[in-house]
Amino acid sequence: MTTESASNLPVHNRGPLEGVVVLDFTTQLAGPFITYLLAGMGATVIKIEEKKGDTVRGYSPFVGPDGELSMWKEHPDAMSLPMLNRARGKHSITLDLKKPEAKEIYRQLASRADVVVENFASGTADRIGIGYETTRAINPKVIYCSLSGFGADSAMGERKALDIVVQAMSGFTMANGSEGDPPIRVGFTLGDLIAPLFAVMGINAALHRRNATGDGEYVDVSMLGSMTGLLAVEEWQAMERLGMPTRTGNHHARATPFGIFPCKDGYVAIGAGAREPFAHSFYRVMGRPEMIEDPRYATLAERCKRQPEINAIVDAWCADKTADEIERLLVAADIPVSKVRTPADALNEPVVNERREVVDTIHPDIGAVKGLKTVGIPLKFHRAEYGHGAAAPRLGEHNEAVYADWLGIDAATLAAWKAAGVI
């Protein structure tokens with residue numbers, strides 16, 4: 001890693017990537033989540049925004065200067081909650097890439113950067129003069145990452161892509177639900193969050209390779225490829241050819257008893273079907289030890305042939321018990337189990353908060369916003385420091401630090417750029 005490239009910049013974050021400078025030309029969610037993760041692992045991320053600001057700054061809900069939450073921007077100093085969470089630990093500068101002066105400014109930025117990340121529509125970065133070949137000519141050691149819907153070199157590259165489109169195209173919407181159901185969207189923007197994980201893996205692998213060879217790299221990640229690649233882990237085509245159902249709702253065609261079952265006060269997830277010890281322990285907990293020796297229920301293959309029958313037995317056992325009661329009984333028997341939580345409840349789980357996988361939303365003026373949790377860094381380094389050291393920046397908050405202190409641009413030039421609307 002190149003610690004000298006980050007000198008003269010305020011240090012927001014500590015971590016394994018400390019000293020790595022990232023130019024962030026991303027917007028919406030998928031791209032910013034890449035740079036969010038890099039920042040959380042110590043990288044210095046410079047977010048380059050239009051003068052009017054990233055469009056996400058206008059996304060609801062909003063947090064006012066008094067910490068009050070509103071669906072719409074009711075106070076001029078209110079900040080977008082999505083922006084507060086996606087831009088943590090980053091520096092913000094403004095730059096109008098359409099201005100002639102921007103080419104030289106980009107040259108200076110790129111010459112000192114380790115990583116450039118963009119998620120424009122395919123071909124846009126080249127048209128505005130910040131594409132990979134242009135950047136590589138400036139800095140052959142740069143790691144350049146493009147995230148797009150279908151891939152930079154794809155025949156579909158110029159098609160517009162949103163998470164819902166990629167969920168449909170990747171097959172995810174027909175992987176949920178039961179046979180005969182209409183397509184079902186995953187209840188959050190999964191495609192926008194899976195592709196960034198592959199991007200971060202690729203960037204870190206490229207940085208490792210650069211340390212050995214001195215060569216830069218172009219990391220090209222597609223949302224469609226990320227989603228479809230994960231879907232392909234399951235044996236969909238084999239199951240279809242074998243005449244097995246591929247949409248199994250809250251149960252599993254190859255494991256029984258296994259699934260989500262209704263109980264007295266809600267629902268409970270039980271994973272007792274994939275291994276014989278779990279299934280046999282579960283029979284004992286249900287007060288049905290005779291099922292252990294019964295050839296109809298003793299083995300996985302026979303259980304799966306009788307899934308509706310076994311599900312009915314489990315439904316009846318759960319019906320007069322609370323989710324907490326079932327959870328206590330099955331945990332004591334070492335059987336995988338959990339009551340089904342709402343997302344809001346899940347965010348308050350002490351384990352994920354203690355591990356900083358979920359953290360408080362931080363506002364730059366008022367600190368932690370009561371009752372609003374957000375993603376932290378969902379891994380734990382046991383020796384290195386890590387995490388986001390600063391709240392999301394105001395628009396252009398770091399123009400002086402980046403342009404003057406880091407690049408060494410004199411005051412007169414900065415004033416001229418500002419007057420001309422360049423920054």
Using atom types as modelled and distance alone, determine if a side-chain donor or acceptor of Asn176 lies under 3.5 Å from a backbone N or O of Ile184.
-> yes
How many angstroms lie between CG in Asp24 and CD in Glu118, if you round to the nearest 0.5 Å?
-> 10.5 Å
What pairs meet the ring-ring contact (aromatic ring centres under 6.0 Å, His included) rule with one or both residues in residues 150-190, with sequence neighbours excluded?
-> none
Pair listing, ring-ring contact (aromatic ring centres under 6.0 Å, His included) test, anchored in residues 333-369, at least two apart | none
How about Lys380: does its NZ atom have over 12 heavy atoms from other parts shown lying under 6.0 Å from it?
-> yes
Within a radius of less than 6.0 Å around CZ of Arg136, do more than 12 heavy atoms belonging to other residues, nucleotides or ligands occur?
-> no
Give every residue pair that meets the ring-ring contact (aromatic ring centres under 6.0 Å, His included) criterion with at least one member in residues 241-260, sequence neighbours excluded.
-> His251-Phe261, His252-Phe258
For the residue pair Phe282 and Trp317, categorise the inter-ring angle as parallel (less than 30°), tilted (30 to 60°) or perpendicular (more than 60°).
-> perpendicular
Stepwise side-chain contact (heavy atoms from CB on, under 4.5 Å) check, Arg112 with Val21 | CA-CA 8 Å; Arg112 302 194 64 181; Val21 174; over 6 Å; no
Charged N to carboxylate O below 4.0 Å: is that the case for Asp360 and Lys373?
-> yes
For atom CD of Glu349, is the number of surrounding heavy atoms from other residues, nucleotides or ligands below 6.0 Å larger than 12?
-> yes
With sequence neighbours excluded, what pairs up with Phe381 under the ring pair (Phe, Tyr, Trp, His ring centres under 6.0 Å) test?
-> Tyr386
Would you mind listing every side chain to side chain donor-acceptor pair (under 3.5 Å) that reaches into residues 62-81, with sequence neighbours excluded?
-> none
Taking only residues two or more places apart in sequence or in another chain, which ones pass ring pair (Phe, Tyr, Trp, His ring centres under 6.0 Å) with His91?
-> His12, His398
Can you name the one residue among Thr26, Asp54, Thr27 that meets side chain to side chain donor-acceptor pair (under 3.5 Å) with Lys47?
-> Asp54
With distance as the sole criterion, is a donor-acceptor pair present between the side chains of Glu50 and Thr55 under 3.5 Å?
-> no
For the residue pair Asn85 and Thr361, confirm or rule out a side-chain donor-acceptor distance under 3.5 Å.
-> yes
Verdict with supporting geometry, Glu217 and Leu207, side-chain contact (heavy atoms from CB on, under 4.5 Å) = CA-CA 8 Å; Glu217 182 58 90; Leu207 285 168; over 6 Å; no
Before giving the answer on side-chain contact (heavy atoms from CB on, under 4.5 Å), spell out for Tyr36 and Ile377 the whole-Å C-alpha distance, their side-chain angles and the decisive distance to 0.1 Å.
-> CA-CA 9 Å; Tyr36 165 83; Ile377 296 295; 4.3 Å; yes
Donor-acceptor side-chain pairing of Asp163 and Gln167 below 3.5 angstrom | yes
Does any non-hydrogen side-chain atom of Leu81 lie less than 4.5 Å from one of Thr374?
-> no
Check the surroundings of atom CD in Glu385: do more than 12 heavy atoms from other residues, nucleotides or ligands lie under 6.0 Å from it?
-> no
Side chain to side chain donor-acceptor pair (under 3.5 Å) with Ser122: which residues, sequence neighbours excluded?
-> none
Spell out, as yes or no, whether a donor-acceptor pair under 3.5 Å connects the side chain of Glu327 to the backbone of Lys339.
-> yes
If you count the non-hydrogen atoms of other residues, nucleotides and ligands that lie under 6.0 Å from CD in Glu276, is the total more than 12?
-> yes
Please answer whether the main-chain N or O of Gly389 pairs with a side-chain N or O of Asn13 as donor and acceptor at a distance below 3.5 Å.
-> yes
Work out which heavy atom in Cys263 is nearest to a heavy atom in Ala323; give both atom names and the distance.
-> SG-N, 3.7 Å
Residues in side chain to side chain donor-acceptor pair (under 3.5 Å) with Arg107, at least two apart?
-> Glu104
If a pair satisfies ring-ring contact (aromatic ring centres under 6.0 Å, His included) and one of its residues is in residues 213-245, list it, with sequence neighbours excluded.
-> Tyr132-Tyr218, Tyr144-Tyr218
Crowding at CG, Asp334 (>12 non-hydrogen neighbours, <6.0 Å) | no
Residue Lys418 excluded, over 12 heavy atoms near NZ under 6.0 Å | no
Between Asn399 and Thr94, does any side-chain donor sit less than 3.5 Å from a side-chain acceptor?
-> yes
On a heavy-atom basis, the closest approach of Thr135 and Ala110 is CG2-CB, 4.2 Å
Gap between atom CG of Asn311 and atom CD1 of Ile260 - 0.5 Å precision = 12.0 Å
Looking only at non-hydrogen atoms, find the nearest pair between Ala39 and Arg88 and report the distance.
-> CB-O, 4.2 Å
Can Met156 and Leu224 be said to form a side-chain contact (heavy atoms from CB on, under 4.5 Å), step by step?
-> CA-CA 11 Å; Met156 294 191 294; Leu224 179 62; 3.8 Å; yes
Does the side chain of Thr256 pick up a donor-acceptor pair with the side chain of Gln307 at under 3.5 Å?
-> yes
Using 4.0 Å as the upper bound for N to carboxylate O, is an ion pair formed by Lys99 and Glu101?
-> no
Just by modelled atom types, is the Gly225 backbone N or O under 3.5 Å from a matching donor or acceptor in the Thr228 side chain?
-> no
Test: Asp114 and Arg210 ion pair at under 4.0 Å = yes
Spacing of OG belonging to Ser148 relative to CZ belonging to Arg159, to within rounding of 0.5 Å | 12.5 Å
Closest heavy-atom pair and its distance - Ala113, Leu23 | CB-CG, 3.6 Å
Please list, chain by chain and in numerical order, all residues satisfying side chain to side chain donor-acceptor pair (under 3.5 Å) with Glu49, sequence neighbours excluded.
-> Arg57, Ser92
Minimal non-hydrogen separation, Ala102 against Leu95, with atom names | CB-CD1, 4.2 Å
Are Lys264 and Glu325 within salt-bridge range, i.e. N to O under 4.0 Å?
-> no
What residues, two or more places apart in sequence or in another chain, satisfy side chain to side chain donor-acceptor pair (under 3.5 Å) together with Asn250?
-> none
Reported NZ-to-NZ distance for the pair Lys51 and Lys98, which is rounded to 0.5 angstrom | 13.0 Å
Nearest-0.5 Å distance, CD1 of residue Ile48 to NZ of residue Lys90 | 10.5 Å
Ile203 vs Ile34 side-chain heavy atoms within contact, under 4.5 Å | yes
With sequence neighbours left out, which residue pairs that include part of residues 180-195 fulfil the side chain to side chain donor-acceptor pair (under 3.5 Å) condition?
-> none
For the side chain of Arg86 and the backbone of Val56, is there at least one donor-acceptor N/O pair under 3.5 Å apart?
-> no
Sub-3.5 Å donor-acceptor pair from the side chain of Ser281 to the main-chain atoms of Phe278, do we have one?
-> no
If you look at every heavy atom in Ser226 and Ala195, which pair is closest and at what distance?
-> OG-CA, 3.5 Å
